[in-house]
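Ligands are counted one by one from 1 in listed order, and the atoms in each one are counted from 1 as well.
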Amino acid sequence: MKSKRVLITGAAGFLGSHLCDRFIKEGFRVVAMDNLITGSLTNIEHLFKLEQFEFYHHDVSKFVHVPGEIDYILHFASPASPIDYLKIPIQTLKVGSLGTHNLLGLAKAKKARMLIASTSEVYGDPTVHPQTEDYWGNVNPVGPRGVYDEAKRFQEAMTMAYHTFHGLETRIVRIFNTYGPRMRLNDGRVLPTFIGQALRGEDLTAYGDGSQTRSFCYVDDLVEGIYRLLFSDYAYPVNIGNPDEITIAQFAEEIIKLTGAKQKIIFEPLPQDDPKQRRPDISKAIELLDWQPKVNRADGLKITYDYFKSLPDKELKPKDFVSYNK
Ligand code: UDP
């Protein structure tokens with residue numbers, strides 16, 4: 001019997017590449033697609049030698065054509081960190097909207113099941129805490145994060161419309177802050193920024209007074225949750241994240257302790273519309289998917305730190321790094 005074939009967009013990115021690994025491991029044929037704007041081929045280089053792996057260098061906001069059968073589509077293409085979507089706001093909007101529409105069309109034509117990568121950003125700067133899936137959010141559509149948040153909100157609406165109007169099988173995962181190997185050191189997100197600063201001997205830049213919170217999930221846990229959601233029969237959004245919440249100032253302390261850095265924490269202005277608190281309510285994932293995160297932050301951070309330490313020295317010097325709070 002021929003194994004099932006899955007199309008993964010954003011395959012050369014942080015999450016996409018881990019998903020490629022998982023589906024290959026589970027015996028699927030993987031069609032990987034990426035336009036390589038924020039993704040890197042080094043993340044999937046090890047898969048090119050496999051007969052069950054193929055790669056398309058393509059931007060999904062343009063018409064998507066893949067010959068042959070496709071059983072599942074996982075749409076993970078998108079800039080995903082604030083400095084990225086500030087640098088390429090139009091592409092961010094296009095990949096979430098036009099890209100999603102193209103892929104939904106492809107899913108319909110191929111009779112494939114489609115899972116989209118949504119985000120805790122659909123909740124904006126939340127007034128409900130922790131965030132449950134039935135909370136509608138507090139998003140500023142014209143603020144700097146609006147291009148990402150609204151693209152993802154549109155993406156959810158479009159996906160539900162294909163589900164209800166065309167009867168397409170769809171799944172929506174709302175991903176909370178995730179970390180692990182293959183994050184880009186210069187993507188501006190807090191964990192690679194702090195670890196990069198620690199490794200370069202610079203002070204750690206906490207924004208605002210550092211009292212804003214996030215809840216960090218290790219990538220393997222996230223991938224397990226996504227895998228279970230894809231094979232569940234639930235079409236509405238499901239939060240996948242680790243509810244272990246921490247302030248950014250405490251997080252900086254943890255990184256200093258982990259890396260043995262001698263530097264201090266310095267405080268810089270808080271970027272506009274930066275959510276004050278974020279923690280997933282994962283009751284749905286527990287109930288529907290029997291899923292809970294397993295990797296605690298200390299273990300996950302250690303693995304991630306070892307990964308960053310193993311990178312060549314030149315990668316520690318971000319070429320085009322621009323802080324997004326200035
Ligand atoms: N942050 C920080 N210092 C940095 C980078 C980020 O204090 O050098 C803060 C940022 O303001 C936010 C939190 O860390 O409150 C998480 O930021 P990130 O960009 O990782 O993800 P977000 O959850 O905001 O999308």
Side-chain angles (χ1 to χ4, degrees), residues 13-15 38 78-87 89 92 96 117-126 129-131 137-140 143-153 174-180 182-200 202-219 222 239-256 259 261 263-280 297 300-301 304 308 318 321-326:
F14 166 48
L15 298 182
T38 56
S78 177
S81 78
I83 58 164
D84 286 339
Y85 42 83
L86 285 183
K87 250 187 284 173
T92 304
S118 187
T119 166
S120 55
E121 282 283 322
V122 300
Y123 303 123
D125 187 4
H129 192 75
Q131 291 79 57
N138 177 34
V139 169
N140 174 4
R145 289 173 175 255
V147 293
Y148 183 68
D149 301 7
E150 296 297 1
K152 291 290 186 181
R153 289 168 69 95
R174 288 190 181 149
I175 299 170
F176 283 65
N177 295 66
T178 305
Y179 69 97
R182 301 187 192 151
M183 289 186 98
R184 266 165 41 226
L185 207 46
N186 64 343
D187 85 355
R189 282 188 276 193
V190 66
L191 179 138
T193 304
F194 282 174
I195 292 190
Q197 287 165 337
L199 288 171
R200 291 190 299 272
E202 298 164 9
D203 290 335
L204 276 63
T205 52
Y207 296 161
D209 61 4
S211 65
Q212 71 273 33
T213 68
R214 294 294 185 273
S215 308
F216 297 96
C217 183
Y218 186 65
V219 64
L222 178 86
N239 290 338
I240 299 284
N242 189 325
D244 188 1
E245 186 179 2
I246 184 173
T247 70
I248 293 301
Q250 283 168 331
F251 191 58
E253 297 285 359
E254 281 191 6
I255 301 289
I256 285 181
T259 58
Q263 306 88 286
K264 56 185 186 313
I265 301 169
I266 55 171
F267 293 89
E268 292 192 350
L270 192 67
Q272 188 191 335
D273 300 337
D274 198 283
K276 283 180 267 316
Q277 52 182 2
R278 182 181 289 157
R279 170 156 60 104
R297 205 169 45 243
L301 285 181
T304 310
F308 283 126
F321 182 80
V322 226
S323 175
Y324 66 87
N325 68 340
K326 292 192 186 109

With a cut-off of 4.0 Å, which atoms of ligand 1 are near a heavy atom of Pro271?
11 (O)

Atom OG1 of Thr213 and atom NE2 of His129: how far apart are they, to the nearest 0.5 Å?
5.0 Å

Identity of the nearest option to atom 3 (N) of ligand 1, non-hydrogen atoms only, from Thr205, Asp84, Thr213, Asp209
Thr205

Where ligand 1 meets Pro82 - atom numbers and elements under 4.0 angstrom, heavy-atom basis:
19 (O)

For the atom pair CD1 (Ile175) and NZ (Lys152), what is the distance rounded to the nearest 0.5 Å?
7.0 Å

Distance col, row Ser215:OG vs Arg297:CZ, nearest 0.5 angstrom, shows 8.5 Å

Heavy atoms only, cut-off 4.0 Å: how does Glu268 contact ligand 1, side chain, backbone, both, or neither?
neither

Roughly how far apart are Phe194 CZ and Phe308 CZ, rounded to 0.5 Å?
13.0 Å

Begin with the C-alpha distance, continue with both residues' side-chain angles, and end with the deciding distance and a verdict on side chain to side chain contact (heavy atoms under 4.5 Å, CB included) for Lys276 and Asp125.
CA-CA 6 Å; Lys276 283 180 267 316; Asp125 187 4; 2.6 Å; yes

Note: ligand 1 atoms sitting under 4.0 Å from heavy atoms of Asp274 are 10 (C), 11 (O), 12 (C), 15 (O)

So if I count the atoms of ligand 1 from 1 in the order they appear, which ones are less than 4.0 Å from some heavy atom of Ala206?
7 (O)

Determine, for Arg145 against Glu121, whether the closest basic-nitrogen to carboxylate-oxygen distance falls under 4.0 angstrom.
yes

Gap between atom CD of Gln131 and atom CZ of Arg279 - 0.5 Å precision:
8.5 Å

Using a 4.0 Å heavy-atom threshold (strictly under), name the region of Leu204 that reaches ligand 1: side chain, backbone, both or neither.
neither

Asn177 heavy atoms, cut-off 4.0 Å: which ligand 1 atoms fall inside?
21 (O), 22 (P), 23 (O)

Ligand 1-proximal atoms of Arg189, by part, heavy-atom distance under 4.0 Å:
both

Contact with ligand 1 for Gln197, non-hydrogen, under 4.0 angstrom
no

At less than 4.0 angstrom from any non-hydrogen atom of Glu121, what atoms of ligand 1 do you find?
25 (O)

Go through it in stages, so that I can follow the logic: the residues are Leu15 and Val219, the test is side chain to side chain contact (heavy atoms under 4.5 Å, CB included), and I'd like the CA-CA distance, side-chain angles, deciding distance and then a yes or no.
CA-CA 7 Å; Leu15 298 182; Val219 64; 3.9 Å; yes

Which ligand 1 atoms are under 4.0 Å away from a heavy-atom of Thr193?
8 (O)

Separation between CG (Leu191) and OG1 (Thr178), nearest 0.5 Å, reads 11.0 Å

Considering only heavy atoms, does Ile248 approach ligand 1 within less than 4.0 Å through its side chain, its backbone, both, or neither?
side chain

Carboxylate-amine/guanidinium contact Asp274 Arg214, below 4.0 Å:
yes

Decide whether the shortest distance between a heavy atom of Gly188 and an atom of ligand 1 is less than 4.0 Å.
yes

Check whether any N or O atom of Leu270, backbone or side chain, sits under 3.5 Å from an N or O atom of ligand 1, and answer yes or no.
no

The option among Asp149, Val190, Asp187 carrying the non-hydrogen atom nearest to atom 14 (O) of ligand 1 is Val190

